[in-house]
Amino acid sequence: MSQQHSRQESLPPSTTAVGPATVTVFASPASWIESDALAQCHQVAALDGMTHVAAMPDLHPGKGAPIGAAMASTVLYPFLVGSDIGCGIAVFPMKLKRAVPEKLAARFPDLDRALDPERDADDPAWAVVKGDIPAGHVEGLGTVGRGNHFVELARIGTVFDPGHASRLGLADGDLVLIVHSGSRGLGERILRAHTAVHGAGPAPDPGAYLAMHDDAVRWGSLNRRLMAARVAHALGAEPAEPLVDQCHNLVEIRDGVYLHRKGAAPGDGRDVLIAGTRGTPSYLVAAHAGPDANHSVAHGAGRKMSRADALRRGRAKHTVEELRRTPVGSLVVCGDRQLLFEEAPTAYKRIEQVIADLVDHDLATPVATTVPLVTYKTPDLGSTPQRDQRRKRGRR
DNA sequence: ATGTCC
């Protein structure tokens, strides 16, 4: 274990009370947490029924609710989970003979193109579907989506805990496929149906919401498996079950309250892949968060800049070429230039600091890093302005 | 985040 991640005395998290609810922030003073995000935490804490808000070190402002927080309440608020119900990160083993980024990038399948049950009936990826497709929802099946979603071929880098890594079947130099994606249009439809009637108010029939929500959670996990199978077949590897698959956007009933996770992964004795950026390593950690942290850990590096700021500042600071070929030597497949700037590594916090905060607060222990080889965001069509416009209008 | 308000 490196000095940086050695377990020292646990740092006391900073806790404040908002009426009956408490807000605890698991970040060191050295970590930059936007005041807007903290204000959102306190707004959430003031909601009816709220008991405790735990803010992770990747906390940043979201639409109405903060991202990177686990929020416990006696009342179920669908907007606290947001539209991407079931979003999560899965890690799959990938056995390839050679791993030349250029060659592999060229062989990635088009993950903007959905698998069609009829047209693509003979696609071998369907083998991962064991039962029914949740909610019978086939639109967008097998697609990655946009925003911070990605599919990444990576190599195990630094191994901090060889024993733990070995139990996962992993060793230095092994290849893995990381899939970060959610429930696409399904979760969005579920939230929209609620907000159209109740806005940011609670679910009047939690059971009815949870039934649809659970479908979206299952759909997201199935979709990650489908994409992993699509990529495995395209690269000439054998599809495999995920080593870890944790959902960071969902609501669960825990200790008799609704625990809303928004960009906060389950941290109760589970292994979690905490995503870095498209140009820095990610961290596989053993999570052991307790009640103060609402049994949660961070889900990624966390945005440092809004998308608008990242686009404006990125255009002045980076060339497209340096964003497509990163400092760690990986390639980023992304035919959408705007998305490339929005997702630039400099638009995110340093993953090392986020991990250090988790370690210092005794929420997680690093197992290994994954170093990107190829990150797939959206098809590279030899991007031209005309094509970007056409793609945006969905006329490919 | 999202078949996104074109």
Side-chain angles (χ1 to χ4, degrees), chain A residues 36-37 40 56 58-69 71 77-90 110-116 134-151 179-196 199-200 212-213 215-217 219-221 223-224 227 246-251 260-265 275 277-278 298-303 305-311 334 336 338-343 347-348 377-379 385-396:
Chain A
D36 286 356
Q40 285 184 335
M56 299 294 122
D58 57 339
L59 188 80
H60 58 281
K63 193 180 171 184
I67 300 168
M71 301 155 277
Y77 293 97
F79 89 99
L80 292 183
V81 174
S83 65
D84 199 4
I85 304 161
C87 187
I89 300 180
D110 181 349
L111 297 177
D112 269 11
R113 180 181 167 282
L115 283 171
D116 185 286
H137 185 84
V138 293
E139 294 86 28
L141 202 54
T143 64
V144 62
R146 288 297 177 100
N148 60 353
H149 291 172
F150 65 87
V151 176
V179 181
H180 179 189
S181 186
S183 58
R184 311 289 285 110
L186 178 59
E188 204 248 346
R189 199 175 73 190
I190 294 166
L191 180 68
R192 190 177 285 190
H194 172 86
T195 52
M212 294 183 284
H213 158 285
D215 274 340
V217 170
W219 198 97
S221 183
N223 198 39
R224 291 189 284 278
M227 278 186 276
Q246 303 299 352
C247 172
H248 49 240
N249 287 358
L250 88 170
V251 55
H260 309 75
R261 299 180 184 285
K262 176 67 171 174
T277 69
R278 290 351 90 214
H299 79 309
R303 293 200 74 86
M305 288 176 215
S306 68
R307 292 189 174 276
D309 283 351
L311 188 60
C334 184
D336 181 335
Q338 178 171 325
L339 185 60
L340 203 53
F341 286 114
E342 288 175 357
E343 291 291 312
Y348 283 84
K377 296 287 291 178
T378 191
Q386 291 83 358
R387 272 186 178 154
D388 282 351
Q389 280 306 310
R390 285 207 341 228
R391 286 165 46 72
K392 275 183 196 158
R393 294 200 294 264
R395 285 194 269 123
R396 294 260 313 274

Taking CG from D84(A) and C1' from dT4(B), how many angstroms apart are they, rounded to a whole number? 14 Å
Report which part of the nucleic acid G185(A) touches: base, sugar-phosphate, or nothing (heavy-atom distance under 4.0 Å, all strands). sugar-phosphate
Gap between atoms CZ and P, on R192(A) and dT4(B) respectively (whole Å): 7 Å
Can you sort out the partners of L141(A) under side chain to side chain contact (heavy atoms under 4.5 Å, CB included), two or more places apart, ordered by chain and number? W126(A), I133(A), W219(A), N223(A), L226(A)
Looking at H149(A) and S181(A), would you say the former's side chain and the latter's main chain have a donor-acceptor pair under 3.5 Å? no
Does H60(A) reach the main-chain N or O of D58(A) with its side chain, forming a donor-acceptor pair under 3.5 Å? yes
Length of the CG-C1' vector between L186(A) and dG3(B), whole Å: 13 Å
Rounded distance (Å) that lies between atom P of dT4(B) and atom CD of E342(A): 17 Å
With sequence neighbours left out, the residues meeting side-chain hydrogen bond (donor to acceptor under 3.5 Å, both in side chains) with H194(A) are none
Is the phosphate of dT2(B) approached by R184(A) (side-chain N or O, under 4.0 Å from OP1 or OP2)? yes
Find the distance R189(A):CZ to dT2(B):C1' and express it as a whole number of Å. 13 Å
Take atom CG of L191(A) and atom C1' of dG3(B), then tell me their distance rounded to the nearest Å. 16 Å
I190(A) CD1 - dG3(B) P separation (whole Å): 13 Å
In whole Å, what is the span from the CG atom of D336(A) to the P atom of dT4(B)? 15 Å
